[in-house]
Asker: 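Mind looking over this structure? Questions follow.
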There are 2 protein chains.
Amino acid sequence: MAPGGRPRAFEPEVALDAAVETFWRHGYEAAGLAELTEAMGISRPALYRFFGDKTQLFRTALERYIERNMGYVENALAMPTAREVAEAFLTGNAEAVTAPGRPPGCLSVQAMVTDEADVFSLLAENRRAIQGRLTDRFRRAIDDRDLPPDEDAEELARFLITLTTGFAIRAADGEPRHALLALAHRAVVVFAQPGSAEHRKAALPSPRRDS
Amino acid sequence: MAPGGRPRAFEPEVALDAAVETFWRHGYEAAGLAELTEAMGISRPALYRFFGDKTQLFRTALERYIERNMGYVENALAMPTAREVAEAFLTGNAEAVTAPGRPPGCLSVQAMVTDEADVFSLLAENRRAIQGRLTDRFRRAIDDRDLPPDEDAEELARFLITLTTGFAIRAADGEPRHALLALAHRAVVVFAQPGSAEHRKAALPSPRRDS
DNA sequence: TCAGTAACGTATCGATCGGTACGTAACCAA
DNA sequence: TTGGTTACGTACCGATCGATACGTTACTGA
């Protein structure tokens, strides 16, 4: 019934990668259609025909970014001990946000500062998903006696996410890889060394509930 | 010789505070003139006559933001020990980025994601200045035998700045105050590295300064 | 009363934003 | 060749961006 029409004049994956890099470097709003189309090497209507509007393009770009540049998350979650999970997660992130030949920082964080509610919540959901997987992993570590029984798995996960968020901003700020790696190695001391579970007593005077 | 003309119809400080809040909530680029003028309660030409262009307004707003919402920095630097400096700095920041009645997060961080080079470098300079003062403080702590002689003062300062940067983003992300405070208390254990067990004993909840 | 001065705000500037209408070009099947 | 189909890109849309021109209003001192 319907034979193929005129063939595409560009490689969708190449164009998408260019979009990823543009969003990565400038965030969502600051990445204009003009810059996007120029980087992707296609015309504006071509972008809309293949990728939908700017928001949909960003969704697709974020998916690709995650699967191509956030592999360190899976890698870290597969580590045998909680401490190794944390170290792999932090160092993997430090390396990802300072990858040579790529924009410094993290697409998710660069694009987070936006008024577009759907883009923001998309990124928030992604971050929450990772934090949830880390939490689950640390809960398992508690069950396995790899972490103290009174340890707060959710708080540990939140600590890691918060630190990597900071890494992303600092990398965009020009901080070199070795500096972030040093911070990563330093931060894992928060994961109690075997035999010293007492840091929690000293560190937490009393739980506070104010907002 | 020159008599006064028509009197001003607005309070400059009130208008400036409104500008601070707008930049705080949306960052630099996303805070449009329409929103700024509406929040400030003045017309567009009035803004330009009194505050110069948008960049100059931002400079002034940043100055005011620093002097009104970053008092915790001075407070922290005045603490007697390195660990207390760190704890006061982190908790002070956690409280500042979750201050009730104010936008969550930090103006400096919200506005950091921008293409405007001069705004970016202005913020980077501010961050570097704080990091420098923390570094100096920790160097002094090393001289005073308050920190181990082989400690890296600059790295400690970088650790704190990176963490507070993360706090700012997470606060904007909706993280409640108590969660960030818990992270703050947890993070100061890096100041009780193995080998100096007595740093740990002295950990007490420090006096608090709300601004 | 009146000239001088300065802040007021409407109405508008050119540039750029995200998004499309539409005529054209390139493929396939008959 | 011809009709159907699909991608191509120029040229444009209304809205909004930051920034101003300019006529008006309110105050002061002579």
Side-chain angles (χ1 to χ4, degrees), chain A residues 1-16 18-20 22-23 25-62 110-111 113-120 122, chain B residues 1-16 18-20 22-23 25-62 110-111 113-120 122:
Chain A
M1 70 149 219
R6 176 172 174 170
R8 245 186 279 108
F10 65 94
E11 211 55 53
E13 295 211 339
V14 175
L16 183 56
V20 168
T22 305
F23 282 128
R25 181 165 283 121
H26 297 101
Y28 177 75
E29 314 210 63
L33 269 300
E35 192 170 2
L36 281 167
T37 52
E38 188 187 341
M40 298 167 79
I42 63 178
S43 70
R44 201 172 300 222
L47 189 156
Y48 277 81
R49 254 172 284 132
F50 279 86
F51 297 102
D53 64 5
K54 191 184 172 185
T55 301
Q56 288 175 308
L57 171 63
F58 180 78
R59 274 190 225 282
T60 310
L62 178 64
Q110 291 290 320
V113 181
T114 178
D115 284 342
E116 302 263 327
D118 49 351
V119 169
F120 180 89
L122 181 69
Chain B
M1 101 136 201
R6 176 171 175 173
R8 258 198 316 273
F10 65 94
E11 211 55 53
E13 295 211 339
V14 175
L16 183 56
V20 167
T22 305
F23 281 127
R25 181 165 281 121
H26 297 101
Y28 177 75
E29 314 210 61
L33 269 299
E35 192 170 1
L36 281 167
T37 53
E38 188 188 341
M40 298 168 78
I42 64 178
S43 71
R44 201 170 301 217
L47 189 154
Y48 277 82
R49 251 171 288 139
F50 203 86
F51 296 102
D53 65 5
K54 192 184 172 186
T55 302
Q56 288 174 309
L57 171 63
F58 180 78
R59 276 189 224 281
T60 311
L62 178 63
Q110 291 289 320
V113 181
T114 177
D115 284 342
E116 302 264 326
D118 49 351
V119 169
F120 179 89
L122 180 70

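Chain naming here is simple, since letters A, B, ... match the order of the sequence lines and numbering starts at 1 in each.
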Asker: Calculate the interatomic distance between E116(A) atom CD and dC17(C) atom C1'; express it in whole Å.
Answerer: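 These atoms are roughly 12 Å apart.
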Asker: Round to a whole Å and report the spacing from OH of Y28(A) to C1' of dC17(C).
Answerer: 12 Å
Asker: Tell me which residues in residues 41-52 of chain B lie within less than 4.0 Å of DNA chain C, going by non-hydrogen atoms.
Answerer: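 Heavy-atom cutoff 4.0 Å gives S43(B), P45(B), A46(B), R49(B).
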Asker: In whole Å, I'd like the distance from the CG atom of L36(A) to the P atom of dG18(C).
Answerer: 8 Å
Asker: Check every strand shown and say whether A30(A) touches a base, only sugar-phosphate, or nothing at a heavy-atom separation below 4.0 Å.
Answerer: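 Since no nucleic acid heavy atom lies under 4.0 Å of A30(A), the category is nothing.
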Asker: I want to check a possible cation-pi pair here: K54(B) against Y28(B), using under 6.0 Å from ring centre and within 45° of the ring axis as the test.
Answerer: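 Yes, K54(B) lies over the aromatic ring of Y28(B).
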Asker: Between M40(A) (CE) and dC8(D) (P), how many Å, whole number?
Answerer: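 So the CE-P distance, M40(A) to dC8(D), works out to 11 Å.
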Asker: Want to settle it: does A9(A) or A31(B) sit nearer the 5' end of DNA chain D, counting the closest nucleotide to each?
Answerer: A9(A)
Asker: To the nearest Å, how far apart are E38(B) CD and dG9(C) P?
Answerer: 14 Å
Asker: Between F58(A) and L122(A), is any pair of side-chain heavy atoms under 4.5 Å apart?
Answerer: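 Answer yes - side chains close enough.
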Asker: 5'-most contact on DNA chain C: R6(A) or R6(B), nearest heavy atom basis?
Answerer: R6(B)
Asker: In this structure, how many angstroms lie between the P atom of dA15(D) and the CG atom of D115(A), rounded?
Answerer: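 Rounded to the whole Å, the gap is 20 Å.
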Asker: In whole angstroms, how far is the C1' atom of dG18(D) from the CD atom of Q56(B)?
Answerer: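 Rounding to the nearest Å, CD of Q56(B) and C1' of dG18(D) are 13 Å apart.
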Asker: Taking it one step at a time, do L57(A) and F23(A) satisfy side chain to side chain contact (heavy atoms under 4.5 Å, CB included)?
Answerer: CA-CA 10 Å; L57(A) 171 63; F23(A) 282 128; 4.0 Å; yes
Asker: With a 4.5 Å cut-off on side-chain heavy atoms, are R59(A) and V119(A) touching?
Answerer: no
Asker: Applying side chain to side chain donor-acceptor pair (under 3.5 Å), can you list everything that pairs with T114(B), at least two apart in sequence or on another chain?
Answerer: E29(B)
Asker: Check residues 30-52 of chain A and write down every donor-acceptor pair under 3.5 Å in which the side-chain atom is one partner and the other belongs to a residue at least two apart or another chain.
Answerer:
from, atom 1, to, atom 2, distance (Å)
E35(A), OE2, H26(A), ND1, 3.3
E35(A), OE2, H26(A), NE2, 3.3
T37(A), OG1, L33(A), O, 2.8
T37(A), OG1, A34(A), O, 2.9
S43(A), OG, A46(A), N, 3.4

Asker: Specify the angle, to 10°, made by the local axes at the two ends of the helix from dT1(C)-dA30(D) to dA30(C)-dT1(D) when five pairs are taken at each end.
Answerer: 10°
Asker: Any idea which of dC17(C), dA26(C), dC17(D) is nearest the A34(A) side chain?
Answerer: dC17(C)
Asker: Between atom CG in D53(A) and atom P in dG18(C), what is the gap in whole Å?
Answerer: 11 Å
Asker: Kindly write out the residues that satisfy salt bridge (charged side-chain N to carboxylate O under 4.0 Å, His left out) with E11(A), not counting sequence neighbours, or none if the list is empty.
Answerer: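 Once residues adjacent in sequence are excluded, E11(A) has no partner under the salt bridge (charged side-chain N to carboxylate O under 4.0 Å, His left out) criterion.
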